[in-house]
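Just below is one structure, and these are the notes that go with it.
A note on names: the letters A, B, ... follow the listed sequences, proteins ahead of strands, and every chain is numbered from 1.
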Number of protein chains: 2
Amino acid sequence: MAGSSTLTKERILGAAEVLFARRGFDGASLRQLTAAAGVNLAAVNYHFGSKEKLVEQVFRRRLDALNARRLDALGKVVGREDTHLEDVLAAYIRPALELSHDDNGALFMRVLARAFAEHDDSLRQFLSENYGHVMRQFTHEFARLLPQLSKSELYWRIDLVTGALTHAMSGFGMIQRKSGVSEQQHREQTAQHLIRFAVAGLSHP
Amino acid sequence: MAGSSTLTKERILGAAEVLFARRGFDGASLRQLTAAAGVNLAAVNYHFGSKEKLVEQVFRRRLDALNARRLDALGKVVGREDTHLEDVLAAYIRPALELSHDDNGALFMRVLARAFAEHDDSLRQFLSENYGHVMRQFTHEFARLLPQLSKSELYWRIDLVTGALTHAMSGFGMIQRKSGVSEQQHREQTAQHLIRFAVAGLSHP
DNA sequence: CGTATGCTCAAACGATCGTTTGAATCCTTC
DNA sequence: GAAGGATTCAAACGATCGTTTGAGCATACG
């Protein structure tokens, strides 16, 4: 087997991320996409099999790393004797925030928010099968740290917090940083906003 | 001028609500839509002018009433001498919740959540021009009740709460009510969940 | 060198899209 | 009941969609 052109696949994935964020999965055509990527129209079907498979790979490329970092961060805080709720939330939020400040990572968060709102069955099943265990582990930890909440009460709050975070992160591509604030400071302020909000939403009396 | 067939227009709007919620604006074709409505394909362009105009009318039909009820409810609580934050939030949340329990109102909330996540410029401009004053009035009231928050801090929290509520309400079509709980009770419990969460998210220290 | 193998390319496939057309039909009004 | 505007209808328009094809080119291996 020869070259296994990683270059073309990566160009397609990059252009797909941009156009899916801007026009949606249906709205972005393979002709726009391949033109933006500078590759031939047939390259998508050759390298990915179909448009739907391409969509899955767009998610895989980012979510594999993102959720691995989330679980890694979670593992580092649950081992200790006194785990704080905000540490668990930071383990969920901070990796996504770091992703948002990388190249087109913010655009991917838009794609993710779109998929979240679409309620598309096949896509939801794909995400659930491949990354459902991440949410399950976090949920388990939330339940442990909030024993006063009933199961249904906890699920309500997690659902609301998830909606808030997803929505907020989908807008990260468009916020203009105040002048005089370094990117480091800005990211830390954003993290604090999200974490404190999530703590309040989960643990209010 | 004769009949001005309200019937056909209403059948189209109803079918559009269902299909836009299920497949999205691009995903739902006028052929599926008119077939589901039991009308001729050309009826959409005849009565609405274009598919895009139809989308706007789908929003208008629900949002005119929804936002009028929100402002009405808001007016009834801001007049009093001691206004509580949860009353203002109830004025925002309860009309949407009542809409969600009417016929296809829950599906419309899905459509709304979709539009919210799409970041489509023309649709956002349409919503902002026609209903922006509603959010502005609520924001003004939040600022009055939460004077300790800076402007940017307040906007952060409102954005997060809005994301949470939009996401939660977009799922109302799919929740199965526990047996033994009346719809009245269920709706009241849901309202309490949302309102308390929003209060915590806005006013945490 | 010859020949597989991986990849790119222009071109075309059938299907479906939103929209338009012009005749047929309904319904009101005189 | 004739006239005329409002509405519906089947059919077609050009455009664009995702996908497939087969020839052409590159690179690796015997």
*Please identify each residue that fulfils side chain to side chain donor-acceptor pair (under 3.5 Å) with A:Arg136, with sequence neighbours left out.*
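So A:Arg136 forms no side chain to side chain donor-acceptor pair (under 3.5 Å) with any residue.
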_Residue list, side chain to side chain donor-acceptor pair (under 3.5 Å) with A:Arg114, at least two apart or on another chain_ =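 In terms of side chain to side chain donor-acceptor pair (under 3.5 Å), with neighbours along the sequence ignored, A:Arg114 is linked to B:Glu118.
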*Among residues 117-125 of chain B, which contact DNA chain C at a heavy-atom distance under 4.0 Å?*
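Listed by number, there are none.
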*Residues within residues 49-56 of chain B bordering DNA chain C, heavy-atom distance below 4.0 Å*: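 Contacting residues: B:Ser50, B:Lys51.
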*Near DNA chain D, which residues from residues 17-29 of chain A have a heavy atom under 4.0 Å away?*
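Listed by number, they are A:Ala28, A:Ser29.
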Atom-to-atom span, [atom1] of [X] to [atom2] of [N] - whole angstrom:
X	N	atom1	atom2	result
A:Leu33	D:dG18	CG	P	9 Å
A:Leu30	C:dA11	CG	C1'	16 Å
B:Leu41	C:dC17	CG	C1'	10 Å
B:Arg31	D:dA10	CZ	P	13 Å
B:Lys9	D:dT8	NZ	C1'	15 Å
B:Ile12	C:dG18	CD1	P	13 Å
B:Phe48	D:dA6	CZ	P	17 Å
B:Asn45	D:dA10	CG	P	16 Å

Are any of the side-chain heavy atoms of [X] and [Y] separated by less than 4.5 Å?
X	Y	answer
B:Leu97	B:Pro95	no
B:Leu13	B:Leu54	yes
A:Leu74	A:Tyr92	no
A:Phe142	A:Leu89	yes
A:Val55	A:Phe126	no
A:Tyr131	A:Leu66	no

*Do the rings of B:Trp156 and A:His193 sit parallel, tilted or perpendicular, given the 30° and 60° boundaries?*
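Aromatic pair B:Trp156/A:His193 classed parallel.
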*Results of salt bridge (charged side-chain N to carboxylate O under 4.0 Å, His left out) for A:Asp121 - residues two or more places apart only*: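 Result, salt bridge (charged side-chain N to carboxylate O under 4.0 Å, His left out) vs A:Asp121: none returned.
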*Report yes or no: does B:His204 contribute a side-chain atom to a donor-acceptor pair with the main-chain N or O of B:Gly201 at less than 3.5 Å?*
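Checked: pair present.
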If the cut-off is 4.0 Å, is [X] near the phosphate of [N], judged by side-chain N/O to OP1 or OP2?
X	N	answer
B:Asn40	D:dT7	no
A:Thr8	C:dC7	no
B:His47	D:dT8	yes

*Please say which of B:Arg23, B:Arg62, B:Arg110 ends up in a salt bridge (charged side-chain N to carboxylate O under 4.0 Å, His left out) with B:Glu17.*
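Between B:Glu17 and the candidates, salt bridge (charged side-chain N to carboxylate O under 4.0 Å, His left out) is satisfied uniquely by B:Arg62.
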*If you pin A:Val44 and B:Val39 to their nearest nucleotides in DNA chain D, which one's is more 5'?*
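Comparing both residues, the 5'-ward one is B:Val39.
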*How would you label the contact of B:Ala43 with the nucleic acid (heavy atoms, under 4.0 Å): base, sugar-phosphate, or nothing?*
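No contact at all - B:Ala43 keeps every heavy atom at 4.0 Å or more from the nucleic acid.
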